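The structure appears below as structure tokens.
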Amino acid sequence: MLKELVRTCRSYRRFHEDHAIDEQTLRELVDLARLAASGHNVQPLKYLLSWEADKNSLIFPHLTWAAYLKDWPGPASGERPSAYILVLGDTEIRKPFTFDQGIAAQNILLGAREKDLGGCIVAAIDRGGLRQDLGIPERYEILFVLALGKPKEKVVLEVLEPGGDVKYWRDEHGVHHVPKRRLEDIILG
Ligand SMILES: Cc1cc2nc3c(=O)[nH]c(=O)nc-3n(C[C@H](O)[C@H](O)[C@H](O)COP(=O)(O)O)c2cc1C
């Protein structure tokens, strides 16, 4: 069960944009992040939610998608995320935030997957522009944007041979392929 959830918890970047995600769903996902491990249990992360078209359209232009897919500028209109969770670090609680945001993000994405949704961690963000457009106070560091929606693309895992290329690719049918190292190549002993 968990393995299947983890296996299908891929980075999805094309969505059925007309599939709405409501505020309550986003709150349930943040509740999974709330319960995550935190260094020294300081819990410095805060969240901003977006599930409406107007606010979503303020966020989208500040994101960079799939750096390895050079000819793809990101999801087209109609395939964009229907919701976002911004993961922020509260500098009045602690800085740096180190690893907390990664654990929180994974909890949220696993929760999304369980709800038949999917998403992508986006760290390549025009932070200045996003801060300005959403009026995010300087107190909060913008760590990740989690893009969420009902996936409209198929993602397949491939075996990454030692010395092979880590770059993901999209084939002629639009299927996204992601190479992963083999278990025997990552367990050293
Ligand atoms: C810390 C972090 C930052 C990422 N930033 C971006 C990003 O800015 N844009 C993007 O399209 N994908 C981003 N990704 C998604 C990765 O490209 C993705 O995890 C990787 O290609 C492997 O695919 P998988 O998540 O399906 O295993 C990020 C992932 C992580 C963990």
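From a predicted model like this one, the values you see are computed outputs, not experimental measurements. Indexing begins at 1, ligand by ligand and atom by atom, following the structure's order.
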Side-chain donor-acceptor pair present, Glu153, His176, cut-off under 3.5 Å: no

Check: Asn41/Ser38 side-chain N/O donor and acceptor closer than 3.5 Å: no

Thr64 N/O to ligand 1 N/O under 3.5 Å: yes

Any N or O of Ala66 closer than 3.5 Å to N or O of ligand 1: yes

Chi angles and distances behind the side chain to side chain contact (heavy atoms under 4.5 Å, CB included) call for Tyr140, Glu92: CA-CA 8 Å; Tyr140 302 105; Glu92 291 189 11; over 6 Å; no

Nearest neighbour of atom 17 (O) of ligand 1 from the list Arg10, His177, Arg13, on a heavy-atom basis: Arg13

Phe144, any N or O under 3.5 Å of ligand 1 N or O: no

Under 3.5 Å donor-acceptor, Arg113 side chain and Leu5 backbone: no

Part of Val155 within contact of ligand 1 (heavy atoms, under 4.0 Å): neither

Test item, Lys180 contacting ligand 1 (heavy atom, 4.0 angstrom): yes

Minimum heavy-atom distance between Trp169 and Leu69, given as atom pair plus value: CA-CD2, 4.1 Å

Test item: Glu17 side-chain N/O and Arg80 main-chain N/O as donor-acceptor pair under 3.5 Å: yes

Salt bridge (Lys or Arg N to Asp or Glu O under 4.0 Å) evaluation trace for Arg181 with Glu161: CA-CA 7 Å; Arg181 297 188 200 283; Glu161 302 290 345; over 6 Å; no

Subset of ligand 1 atoms that lie under 4.0 Å from at least one heavy atom of Tyr168: 17 (O), 21 (O)

Proximity to ligand 1 by part of Val178, non-hydrogen separation under 4.0 Å: side chain

Audit row: Asp18, Lys150, side chain to side chain contact (heavy atoms under 4.5 Å, CB included) steps and yes/no: CA-CA 9 Å; Asp18 56 358; Lys150 190 162 180 65; over 6 Å; no

Atom 3 (C) of ligand 1: nearest protein contact (heavy atom, Å): Ala123 CB, 3.6 Å

For atom 19 (O) of ligand 1, the protein heavy atom that lies nearest, with its residue and separation: Ser11 OG, 3.2 Å

Heavy-atom nearest neighbour in the protein, as seen from atom 8 (O) of ligand 1, with distance rounded to 0.1 Å: Ala124 N, 2.9 Å

cation_pi(Lys167, Tyr68) dist<6.0 Å, angle<=45: yes

Structural part of Cys120 in contact with ligand 1, heavy atom criterion under 4.0 angstrom: side chain

Min N/O separation Ile121 to ligand 1 under 3.5 Å: yes

Trp65, any N or O under 3.5 Å of ligand 1 N or O: no

